[in-house]
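To start, the structure itself, in structure tokens.
Chain A is the first sequence line, chain B the second, and so forth, proteins listed ahead of strands; every chain is numbered from 1.
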Amino acid sequence: MVDVQLSDAEKTYIIHGAQDNLREDGRGCEDYRHLEIETSVVSTTSGSAKIRLANTEILVGVKVELGETSPENPDKGRIEFFVDCSANATPEFEGRGGEDLANEISNMLARAYDCPSCLDMRKLCVVEGKKCWIVYVDVLLLECGGSLFDASSIAVKAALYNTSIPRLTVTHDEGHTELELSDDPYDVQRLDVYNSPCIVTLSKIGHSHVVDASQKEEACCLARLMLAVTDKGCVTAMKKEGSGSFDVSSIEDMLETGKKVGQSLNKSLMEVLVSEDRNMKKKYMTGYLR
Amino acid sequence: MPTDTRRITGPESSVSPYSFCKIQEPQPLFNSQDLRKDGRKCDQVRPIFLKTGVVSKAQGSAYLEQDGTKVICAVYGPRAVIKKEEFSMKGQLRCDFKYTTFSCKYRRQYQQDNEEKDYSVQLLEALEPAVLLHKFPKAQVNIYVTVLQNDGSALAASITCSSVALCDAGIEMYDLVTGCSTRLAGDRLLLDPCKHEEYSSKEHSEVNNGSVTVGLMPSLNQISAVTSSGEIQFEHLKKAINKCSEICVQLYPVCQQSLSKSVKENIKENT
Amino acid sequence: MAADVKTAQPLQYYRKFIEKDVRPDERTLEEFRPTVLNIGCVTTAEGSALVKLGNTTVMCGIKAEIASPKTEEPKKGYIVPNVELGPLCSILFRPGPPGDQAQRLSQFTNDVITHSCCINKEDLCIVPGKYVWVLYCDMVCLNYDGNISDACVLALLAALKNTSLPKVVWDEDTETIETDHNTTTQLNIICEPVSSTFSIFDNEVLLVDPTVEEESLSTGEVTIVTIDDKICMIRKPGGSPLTPQQLDLCINRSFIRSQEVIRLIQETLNSVDR
Amino acid sequence: MKMSEQKSGSQNVLRLMVCEMAHLSRPDGSATTFQGDTCVMTSVYGPTEVRMAKEQIDRTTVEVVYKPKSGLPSCAEKSLENIICNTCENILLGNAHPRSAINITVQEVQDSGSFTACCINCCCLALLDAGIGMKCTMAAVNCCIDNEENIIVDPTRKEEEQSQAVLTFAFDSKDKNIITVITKGKYSQQQFQKCLVLCRDASDSVFKFYRETMEKKLSKT
Amino acid sequence: MRETPLSNCERDFIKTAIAEKKRIDGRQAYDYRHVRVSFGVERGCCMVNIGDTRVMAQVSCQVVEPKQARPADGTLYINVELSPMACPSFEPGRLSDFGVEINRLLERCLKESRCIDTESLCIVAGEKVWEIRVDVHVINHDGNLVDGCSIAAIAAIAHFRRPDITVSGDEITIHPASERDPVPLSVHHMPICVSFAFFEQGKYLLVDPTDKEEKVMDGRMIIGMNKHREICTLQITGQMLLLKDQVLRCSNIAVVKVTEITELIHKALENDREERAKGGKYGFAESVPKNKVTSNHKVSAPVDMETVEDHVTSTFSQNDDVIEIDSDAASTSESDDSVVIMDKGSGAIGLGGPSTWNVDDEMSELKEENKSNTTKTKQQKSDTNIVVSIDDSSEEETTEILVEPSIQKQKKKKGKV
Amino acid sequence: MAVDIRLASTCVRLKPESIDELTNLVTPGDVITSDTGFMRGHGTFMEDGKHHASVAGVVQRVNKLICVKPLKTRYNGEVGDIVVGRIIEVGMKRWKVDTHSKLDSVLMLSSVNLPGGELRRRSEEDEKLMRYYLKEGDLISAEVQSVFNDGSLSLHTRSLKYGKLGQGSLYLVSPSLIKRRKTHFHNLPCGVTVILGNNGYVWVCPTEGEVSEQTGGYEQNFEPVVRADREVVARIGNCVQSLADHRMMLFDTSILYTYEASLKFPVKDMMKPEVKTEVIDLARQRLERDGT
Amino acid sequence: MAAPSVCVPGQRLCGKDSNVQPGRGTYERNGFIYASLTGCLMTEKGEDMTLVEVVRSTETTLVPSVDCLVTARVTNVNPRFCKCNIIKVGSKPLTDSFRGMIRKEDVRSTEKDKVEMYKCFRPGDIVIARVISLGDAQSYLLTTAENELGVVLATSEEGVTMVPVSWCKMRCPKTLNDEFRKVAKVQPSFIEQCDT
């Protein structure tokens with residue numbers, strides 16, 4: 001995590017705050033900060049999304065390419081995550097500084113999406129054992145203001161929702177197969193991300209735990225539990241992080257919170273995405289120039 | 001051409017013979033009498049063999065064996081921090097997890113791959129809470145874990161192994177950390193799964209198929225590591241975590257045994 | 001206070017012992033450390049062996065893979081020996097790519113294989129010009145206490161003798177191969193190279209099978225690889241000069257050593273088979 | 001096919017030796033040595049600053065870099081570096097300049113047999129040229145045992161490839177003891193002894209060559 | 001190691017000299033130092049001297065798989081090595097920025113000007129092609145490395161011969177030089193770099209700057225050009241703003257220099273060819289001046305084989321007794337080093353001595369322990385919490401074990417380490 | 001609880017500032033004047049007798065001196081400024097302090113007041129105890145004592161109003177938004193103390209009683225802050241943030257007005273852009289009415 | 001002694017109350033004393049206190065701590081300070097050395113300003129020193145400003161071990177010429193080890 005140094009006094013202030021459910025910026029323990037989303041911001045991608053969560057800003061681009069199927073599962077496409085901690089997010093990322101964090105995020109995302117119901121990889125298979133679509137998801141950290149995992153997972157889901165794959169027609173004639181790409185830009189296939197997970201990070205501060213921790217809060221949290229929660233209320237991946245530990249009982253209610261928050265997060269995200277999709281026509285681009 | 005000049009190099013690319021043999025459909029995890037492939041019951045853990053002091057030049061070391069899973073771990077330090085860093089009153093822990101190239105069905109690479117990196121981090125975070133870091137200011141302790149043979153539950157095994165190694169090194173700790181993993185299959189829990197029993201997304205598609213690994217500090221009853229994969233409902237997840245922690249508690253005395261044995265031996269030598 | 005001399009002035013400390021023709025670990029100068037061999041300890045590998053030379057411990061695992069041969073020699077397979085001196089085995093090594101010593105060892109083991117011709121690389125051919133076997137022989141050091149080269153060679157040889165490859169069926173018309181892991185064939189080892197290492201102490205005294213302390217103090221090193229009654233390799237990379245007769249001594253000793261080691265391998269193998 | 005290797009008929013002859021010294025402007029000492037067609041170029045810098053990591057408080061740090069003519073250096077080159085380095089270290093007065101470094105760079109120019117020997121000899125000349133304090137000089141001689149069991153001193157590349165064993169020896173000038181032995185391929189103990197003695201005798205003429213070279217170099221200056 | 005910087009007085013001296021149209025080595029502004037091109041015994045090996053600057057290039061080739069994008073093209077790979085030999089500031093290992101710059105420049109000059117015909121390097125489209133590799137070693141650095149490197153590289157390429165091949169079906173045979181004469185590469189044109197050093201914000205320019213001059217120059221321009229006056233690459237570096245006409249002037253000078261150098265290379269190639277043809281002496285050895293004091297030639301020295309035998313005996317005689325000692329020492333060791341088979345698949349020779357790893361007895365112990373434990377747990381399975389009171393009688397409670405049935409599985413211990 | 005997610009397109013954007021004040025805005029290379037009678041100050045350079053701007057910003061003229069004040073910059077301090085800083089390193093006899101200026105500032109052991117009054121020799125003991133007084137991460141309020149010739153600042157806390165800061169929260173804004181006043185310490189009526197550091201570090205904490213002499217303010221109380229205070233602090237904090245977001249000058253009145261304007265919303269809603277804008281607009285109007 | 005009860009980290013030893021006191025190798029956590037080391041349980045009955053500690057068979061002073069004695073080898077010397085590698089803490093040899101530094105002012109207690117480093121230490125000397133502070137990230141700060149502290153083992157140009165002749169001189173037994181050192185007040189143990 002990108003860490004800021006805090007004085008003991010500040011830490012106690014924050015910890016007590018978490019205790020009586022009123023945080024520095026007036027939030028309760030289970031509140032997210034204000035989220036801003038925009039999709040299809042990068043025209044050169046098959047799908048993209050930009051999200052801003054207070055100071056955290058993340059851009060996700062999805063590129064879909066035709067590739068060889070992997071020998072172990074010939075009837076499926078692939079999804080690959082790459083996270084780039086750009087050095088203009090924070091100087092700490094310069095050189096190889098951001099690598100570890102980047103790996104952690106991409107690993108977590110990969111694990112979160114590594115189960116069939118999140119994203120149906122069979123749909124991405126073109127010719128069994130030969131050709132399939134490979135979905136490259138590139139996550140770019142533009143600014144770090146806490147809870148990067150959550151933010152990136154949301155951005156990824158949005159971008160995937162926004163992704164459109166050109167329609168392919170496969171014709172077999174004696175042995176070798178022909179692939180034909182339809183040139184109509186609107187004749188496309190969309191990914192079903194309804195059940196894709198969002199990561200909810202529960203940071204343990206003092207004896208209570210909060211969601212969407214700000215950078216300061218992260219600085220005084222010893223252990224956090226990450227849950228990739230689907231809309232159905234299932235966990236597709238879980239991971240404990242940080243140098244602290246939980247007692248068995250506290251994990252239970254963390255899971256409870258995780259489920260509650262996760263599901264509502266998914267819900268409101270989908271609503272927004274759908275609504276944006278609906279008035280795509282009359283939408284004007286915001287982009288970065290505001 | 002990025003060829004590895006520091007090693008004897010073979011051909012550019014080579015393929016495992018296993019990818020040439022015909023794919024046999026996955027056989028059921030347990031038979032009619034609820035016995036697993038290797039004859040275990042669902043809630044039965046493989047016997048553990050633990051030994052400390054296997055690396056003579058290391059501060060502390062341990063070797064753990066659970067039938068097919070063989071893990072060795074060495075602990076060095078506390079020693080001066082190698083690369084220049086700012087002053088810290090707390091000591092640092094460093095973990096390095098590695099599979100030997102021949103430890104798995106498919107050959108591993110020399111460089112740490114993502115899984116190994118990920119495990120290194122999880123291992124570190126599993127052990128950190130248990131160590132009295134303030135006892136060795138501005139120094140670091142290195143923990144090197146090598147899996148000699150992997151037949152499932154490698155992470156769990158390494159957690160236990162390395163915590164014992166830490167003890168052997170005389171690093172002060174609040175508690176041991178023991179690891180256990182389980183495989184969820186529907187409403188069943190297969191404890192301490194073998195390689196072929198572990199969850200993989202391509203074979204098992206239904207809900208509540210996955211695996212959970214837990215690292216526990218038994219006597220403080222604190223969970224220091226927990227990780228899951230596969231789509232699992234919260235209720236099952238809880239169940240799995242609890243079951244794992246139960247087993248972890250039972251592992252405590254086994255570590256205790258091998259440790260106290262080594263201590264007794266030391267005493268023998270010294271007197 | 002003996003510990004003090006040992007840490008402060010190791011050289012003087014050693015001299016005291018050597019004068020009395022004995023070493024701190026109670027060995028005579030031409031005595032090897034107890035050698036433990038354990039064959040077939042890793043079931044995930046096609047062949048494996050673990051060697052303990054005193055505390056020095058090396059595990060060799062052999063993974064076989066399939067690749068296409070070089071254009072120049074379409075019938076020959078590959079043997080790729082590598083030595084890993086990881087940070088696990090000693091304080092001397094840092095994580096990361098192999099250091100100079102590891103590289104030298106890898107080269108050494110490679111030389112042993114090529115110069116002893118203990119394997120006919122054409123035995124590794126599956127389909128000429130298309131498919132051949134690659135034997136990745138990785139020797140991982142688990143406990144570094146000197147004379148790693150002997151341990152590596154022994155581990156490698158034992159592992160090779162333990163190696164068996166799955167049957168491969170070549171389908172003419174589909175031009176594909178299929179492997180059958182239930183029926184395997186033993187690898188054919190033509191000869192048995194055995195290495196023995198001597199380190200030179202104070203420019204004259206010869207120590208057999210040096211420990212890591214002895215190596216760090218030594219002023220030179222000689223490694224001799226023998227096959228039966230022939231010499232296969234002598235490697236004395238610099239270090240303090242030796243007289244011809246000193247060199248001769250080493251050669252004689254190594255011949256005796258090789259007999260012991262070969263007997264060890266044989267009987268251990270038998271014990272596996274029985 | 002190479003006319004210039006015609007000598008290979010007679011077995012007991014050291015090939016034509018040529019050397020040029022101080023032909024590079026930058027290094028403190030440099031030499032190029034030909035043995036037949038085999039050619040090596042060596043430069044020496046030092047005693048100079050040493051990198052903190054490599055500093056030794058009681059002796060000079062000798063660093064050898066071997067540069068193959070084509071391709072990147074791999075394990076084989078590393079061990080050759082090691083051989084050369086240890087060999088040189090042995091004739092240098094190590095404790096004369098503590099906390100300093102002597103950097104030797106060996107460049108392959110042409111390998112037509114007896115290469116390792118040529119490298120070592122070339123280094124020796126370069127060190128002489130650099131005027132670095134040495135205990136003694138050293139001479140390396142290479143020989144091989146062909147399939148008719150007879151010994152060829154200073155063989156060509158072709159001869160090496162056809163032989164059953166190749167042996168390289170380096171001797172010190174003091175009492176002709178063996179600094180370095182590198183051998184490959186099977187042979188008996190007797191054969192070894194024979195080769196050893198042969199090369200030992202042959203080394204005389206190499207030492208003679210050094211002497212002449214230095215005499216010539218210092219003659220008109 | 002750091003490079004020793006140039007003293008200010010030297011700088012000023014050089015600068016003023018240049019301002020007076022003089023150079024410290026007495027050259028005219030547009031003069032090259034003496035350029036020498038010589039070839040080695042091996043094909044594709046070329047040494048170039050420009051004054052004291054020395055560069056060696058070696059071309060080699062191997063069969064590789066072609067790139068996906070151009071399945072019918074061979075590849076040309078250029079690798080510049082700044083050997084620590086050339087200058088103390090050059091570190092071995094990874095290439096410095098300066099090195100990368102040169103490398104890139106050569107690639108632009110040779111590769112991207114398509115100076116050799118890569119189509120002709122294709123063996124089987126999409127499967128096998130030749131990769132031509134040019135290794136350029138900088139051996140002595142006295143300025144103007146770029147020119148040196150480019151000359152050496154292109155000359156070596158022109159001198160190189162690759163082995164001939166025949167393709168029949170999917171059978172590919174590579175003929176060694178002894179069977180068939182190797183074939184030259186088809187070289188389209190020979191681009192050569194000429195570099196100019198600028199001083200006083202580009203007011204003065206020098207051709208072929210020495211190391212010292214390079215240290216004081218404001219910037220440099222490099223023109224890669226072939227004798228057909230085609231510019232293959234052009235690069236300006238340094239902190240200066242250059243006037244148009246300077247660039248034009250340079251290119252005109254370049255034309256002249258390039259033609260000269262190309263001539264030189266061709267002459268050198270010609271000589272080499274003739275020598276090889278009539279089987280005379282060739283290779284670098286010939287270019288070593290005999291008369292110089294720093295060089296020395298020595299005719300083949302005979303080694304007498306006759307006396308060898310008695311020499312052998314003489315050298316090895318005196319150590320019979322030693323062998324004596326050794327052998328019986330050995331025999332003793334032989335006796336006690338009898339092999340012990342400890343367990344299936346693990347044997348040992350030699351007993352005693354330090355080995356913390358003699359595991360197998362451990363094993364048995366642990367087995368017993370486990371058994372005893374299970375029995376224990378039978379009577380008190382109830383208590384799972386582990387508490388040790390200070391008194392020693394607590395052994396019972398402390399020992400708590402695994403899931404109980406584990407004992408049946410204690411049998412197989414093969415492959416224990 | 002529902003998570004508040006919006007589309008960027010639906011979010012209200014800031015209105016562009018009134019254009020008139022941007023008349024004397026310049027960018028690097030622009031000729032400010034060819035009149036050589038002027039002296040060149042910060043952010044300008046001379047070339048062939050003309051004054052050019054070297055930064056983007058607003059031209060300022062103090063009789064003969066011309067300088068360009070960049071719109072956004074790191075803090076360059078002047079003697080007498082009040083700053084809030086964070087200790088980043090404990091060295092021999094000195095602390096290194098981050099004050100968001102080009103170089104790290106220093107706080108000499110000799111220029112802090114230690115327990116036991118102002119006039120007291122610094123002993124060897126104090127050197128050993130430095131980390132106990134102030135350690136990495138601690139926040140201090142201080143005054144700029146002097147500026148070294150390399151531009152780095154030397155601070156002092158030799159007055160009881162300066163020193164180590166206790167519980168509260170810090171907000172970072174651009175230094176150019178801090179209005180220079182004679183006092184930068186404000187105890188607002190709502191029971192909150194605000195320190196507006198000239199370096200753009202704003203400290204907000206509940207107002208508390210005087211610090212006692214002896215401890216020299218190094219003792220801290222870690223007693224939980226009551227919820228009410230917490231809420232106010234949070235609100236003020238959000239006000240400061242919103243002011244900064246809308247690039248409005250920060251000083252006691254502006255903060256106070258914003259605070260009062262915000263009272264009709266719950267604290268956490270203040271993070272929503274439209275609420276921010278509304279609140280700020282109210283505050284701005286009121287400020288304009290006051291004619292400040 | 002009878003087989004001592006061995007305990008491992010996390011083992012609860014006893015309740016913490018007024019007459020029990022946690023010692024080395026233990027820690028206290030909500031009202032109980034736990035073991036933090038593997039070792040033998042030792043209880044020490046004081047008059048009103050019982051000290052509870054866990055002792056390892058091998059010593060566990062692993063890192064140099066303030067005020068502990070260390071043995072160090074001098075690596076380089078300059079007029080202001082000398083750098084050295086700490087090779088032993090107390091009597092326990094370290095597997096990997098820590099970096100230490102002796103500043104000019106810490107060499108001796110008297111006439112600090114007259115100290116000339118080169119007359120006190122030379123590279124290769126073995127020094128016994130005391131840790132004054134953890135120093136900076138790089139090295140520990142050491143002092144030899146006590147009679148018992150300073151050089152205990154030094155070799156002359158000939159490479160012979162020198163014998164101390166005064167608090168500031170050592171003599172080479174071979175050449176009999178003296179070299180300056182900050183000599184530690186000779187400890188019997190070291191004499192014995194010099195001539196064994």
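- Contact count versus chain A (heavy atoms, under 4.5 Å) is highest, among F:C205, F:P266, F:G168, for F:G168.
- When all heavy atoms of A:Q5 and F:G137 are compared, the pair lying nearest together is OE1-N, 3.8 Å.
- To the nearest 0.5 Å, the span separating CG on F:D138 from CG on A:D8 amounts to 6.5 Å.
- Rounding to the nearest 0.5 Å gives a distance of 10.5 Å between CZ of F:R6 and CG of A:L35.
- No more than 12 heavy-atom neighbours from other residues, nucleotides or ligands sit within 6.0 angstrom of NZ on F:K72.
- Rounding to the nearest 0.5 angstrom, the gap separating the CD1 atom in F:I140 from the OG atom in A:S7 is 11.5 Å.
- Here A:D31 contributes atom CG and F:D4 contributes atom CG; the two are 10.0 Å apart, rounded to the nearest 0.5 Å.
- Of the inter-residue distances, the one linking A:E36 atom CD with F:L7 atom CG reads 9.0 Å to the nearest 0.5 angstrom.
- How far NZ of F:K276 is from NE2 of A:H34: 8.0 Å, rounded to the nearest 0.5 Å.
- When heavy atoms are compared at a cutoff of 4.5 Å, A:K11 does not approach chain F at all.
- Contact of F:L170 with chain A is made through backbone and side chain together, with heavy-atom distances under 4.5 Å.
- Chain F forms more heavy-atom pairs under 4.5 Å with one residue of A:E10, A:E24, A:R27 than with any other, namely A:E10.
- Here the closest non-hydrogen pair linking F:A234 and A:G26 is CB-N, 3.8 Å.
- When the candidates A:L269, A:D20, A:I14, A:L22 are compared by the number of heavy-atom contacts under 4.5 Å with chain F, A:L22 comes out ahead.
- In F:F185, the CZ atom is crowded: over 12 heavy atoms of neighbouring residues, nucleotides or ligands sit closer than 6.0 Å.
- Not a single salt bridge (Lys or Arg N to Asp or Glu O under 4.0 Å) links A:D253 to another residue, sequence neighbours left out.
- Using a 4.5 Å cut-off between heavy atoms, F:N238 contacts chain A through its side chain alone, with no backbone atom that close.
- Contact tally against chain A (heavy-atom pairs below 4.5 Å) for F:Q241, F:K268, F:R230, F:M271: the top residue is F:R230.
- A:H16 pairs with exactly one of F:R227, F:E223, F:Q167 by the side-chain contact (heavy atoms from CB on, under 4.5 Å) rule, that one being F:Q167.
- Surrounding CD of A:E94 are at most 12 heavy atoms belonging to other residues, nucleotides or ligands under 6.0 Å away.
- F:E260 meets the salt bridge (Lys or Arg N to Asp or Glu O under 4.0 Å) test with F:R286; sequence neighbours excluded.
- In terms of heavy-atom proximity, A:L6 sits nearest to F:R86 at CA-NH1, 3.5 Å.
- For chain F, no part of A:D212 is nearby; none of its heavy atoms comes within less than 4.5 Å.
- Every side chain to side chain donor-acceptor pair (under 3.5 Å) that A:E256 has, sequence neighbours left out, goes to B:K238.
- Residues of residues 99-107 of chain F lying under 4.5 angstrom from chain A, judged on non-hydrogen atoms, do not exist here.
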